[in-house]
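As a basis for the values below, the full set of heavy atoms in this structure was taken, side chains included, without hydrogen atoms, waters or symmetry mates. Convention: sequence-line order gives letters A, B, ...; per-chain numbering from 1.
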Number of protein chains: 2
Amino acid sequence: MILKNISVDCVIFGFRNDKLNVLLWQAEPELLEKFLTTKEEYEQIKIIFEKNPALRSDNYWGLIGTHLPSEEDLDGYAKKVLQTATGLDEVYLKQFKTFGAINRVPHLRALTVAYYALINPDYHDLKLSPIAKAVKWFDINNLPDVIFDVKEIIENALKKLREEVQYHPAGFHLLPEKFTLTQLQTMYEVILDKKLDTRNFRKKIQNMGLLIDTNQKQTHVAHRAAKLYSFDVNIYRHLVEEGLNFRI
Amino acid sequence: MILKNISVDCVIFGFRNDKLNVLLWQAEPELLEKFLTTKEEYEQIKIIFEKNPALRSDNYWGLIGTHLPSEEDLDGYAKKVLQTATGLDEVYLKQFKTFGAINRVPHLRALTVAYYALINPDYHDLKLSPIAKAVKWFDINNLPDVIFDVKEIIENALKKLREEVQYHPAGFHLLPEKFTLTQLQTMYEVILDKKLDTRNFRKKIQNMGLLIDTNQKQTHVAHRAAKLYSFDVNIYRHLVEEGLNFRI
DNA sequence: CCAAAAGTGTTAGACCTACACCCATGA
DNA sequence: TCATGGGTGTAGGTCTAACACTTTTGG
């Protein structure tokens, strides 16, 4: 049975073309049905859609998420929603805040437990999204019209992400498996919204010991080819344990 | 009307006698009644108590909190619960995590949105707690038997607090208005669970510019009297904005 | 050979760590 | 006058910030 007062929403961040993007969708109850386990859940979701016409509008976008079924763990369900919507299994996913203002959703008292996910765009295939009418990446600085308090949720997610990348090496999850130092720097610049000094950035990042030199280089670029690095998961884990200063 | 699937709980930290304490209570529906707005809410709370005998046991303690009424904002209600239970108005209160494992409460599918509060013990008068059977401070290292997943919630709160005091000057809220540098250092030592070097600690803390010398000293102590400091709220705010490195 | 981005080193100042003794107070 | 905790300085090492030119690649 659906808990109609509780939903789970994911702010999915992706880093592509030197921009930070968010994945939004337009949901449709008929498509969601495949994802739900009982007829009853489906009927309840349908009622929620009927009461909120914005949910069906082609002009408004929403966060990927649904109401929480009573037989699902909160964290497990967030993961499941993300997996179904994106096809991705091993994703960095973090609960960051629960929103519960009284009128955040019209005609319904619902809290949403919000998560953010960091996605490596290499592995994201948008065709995998069987439960939505539309799914699309939007530049964080150029969001479309959104339903309810989605704007506020995204802004909060960005704020938390900004904090997190300064104290944890979480940002690596936004990059492809092999990346250049310039990509890494740009990612930090975009998230923190400030320019960084290239020489100092490289020194600092290389001193952390997180980088593994893959001995490969970019190819087919019209300039000196950059070296490709991957990052060392063991040292990453160790740094997370320690609690590190990642201020850049 | 009570949202029976959602509760709000506060992990209330206090720092007294060089120990970090948590305030727990034993709730009783008859006393909670005064706090609830409708008869219906009261009936619902009573049913929840009937289904969970541990809630009435004298041997088990719980976090201060109740189910969320549908007409209350989430954050506002957390504040209200805290205020009613402790009599305190201006308290540092922070939402830190929502717990939603499927069997966290027997016979009831309920999430709890958990907050932690930092309390200056000077202003805490335990007599003010009209809605509980019992309210008591417990040393964080010596907790009593607790109901449900309260232990896990407290552990999570402590972990978050530990993170927070390293990056924000939040810890000051645990001290009385005028405090000694030794108190401040002990507070950090207790929260971070490690010894700090006194000279280095003082240098670092004094360089931050947060401290105001009150030109007062301890009295009636059987050793050299320590200077009393207060902390500068404006610089505090400024540091919070900036995002600071408070690692100690 | 040109355009474009990759890659690199030094210096001055700030900050961090480790470490041991004298001081003020009340009993 | 003693016991107790308060209060202080220095030196060596590490980290940070500021700054400009050469290298490699494909077109």
How close or far is atom [atom2] of [N] from atom [atom1] of [X], stated in whole angstroms?
X	N	atom1	atom2	result
A/F201	C/dT8	CZ	C1'	16 Å
A/L196	D/dA18	CG	P	12 Å
B/Q185	D/dT8	CD	P	13 Å
A/N200	C/dT10	CG	P	14 Å
A/Q166	D/dT16	CD	P	13 Å
B/D213	D/dT8	CG	P	10 Å
B/K195	C/dA18	NZ	C1'	17 Å
A/K217	C/dA6	NZ	C1'	9 Å

Can [X] and [Y] be counted as having a side-chain donor-acceptor contact under 3.5 angstrom?
X	Y	value
B/Y167	A/E163	no
B/D9	B/T112	yes
B/E164	B/Y116	yes

C/dA5 OP1/OP2 closer than 4.0 Å to side-chain N/O of A/T182: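 False: A/T182 side-chain N/O out of range (4.0 Å or more) of C/dA5 OP1/OP2.
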
Side-chain N or O of B/K203 closer than 4.0 Å to phosphate OP1/OP2 of C/dC15: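 So the side-chain polar atoms of B/K203 never come under 4.0 Å of the phosphate oxygens OP1 or OP2 of C/dC15.
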
Sugar-phosphate, base or nothing in reach of B/T180, heavy atoms under 4.0 Å: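 Counting heavy atoms under 4.0 Å across all strands, no contact is made by B/T180.
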
Qualifying residues under ring pair (Phe, Tyr, Trp, His ring centres under 6.0 Å), relative to A/W61, sequence neighbours excluded: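 A/W61 satisfies ring pair (Phe, Tyr, Trp, His ring centres under 6.0 Å) with A/F138 only.
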
A/F231: partners by ring pair (Phe, Tyr, Trp, His ring centres under 6.0 Å), with sequence neighbours left out: A/F172, A/Y236

Presence of donor-acceptor pair under 3.5 Å, side chain of B/R199 and base of C/dA20: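 When only heavy-atom distances are counted, B/R199 does reach the base of C/dA20 through a donor-acceptor pair under 3.5 Å.
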
Tell me which donor-acceptor pairs under 3.5 Å the side chains of residues 150-162 of chain B have, and how far apart each pair is, sequence neighbours excluded?
unit_1	atom_1	unit_2	atom_2	d
B/N156	ND2	B/E152	O	3.0
B/R162	NE	B/I191	O	2.7
B/R162	NH2	B/I191	O	3.3

Below 3.5 Å between N/O atoms, which protein atoms pair up with nucleotides 12-15 of chain D? Just atom names and distances, please.
none

Student check: side-chain heavy atoms of B/T66 and B/V8 closer than 4.5 Å: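 No, too far: nothing below the 4.5 Å cut-off.
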
Neighbour count >12 (heavy atoms, 6.0 Å) for atom OH, B/Y60: no

Positions of residues 222-231 of chain A (non-hydrogen atom under 4.0 Å from DNA chain D), listed by number: A/A222, A/H223, A/R224, A/A225

Where at least one partner belongs to residues 214-224 of chain A, residue pairs that pass side-chain hydrogen bond (donor to acceptor under 3.5 Å, both in side chains), sequence neighbours excluded: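 Every side-chain hydrogen bond (donor to acceptor under 3.5 Å, both in side chains) pair that includes a residue of residues 214-224 of chain A, provided the two are not neighbours, is A/K178-A/Q216.
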
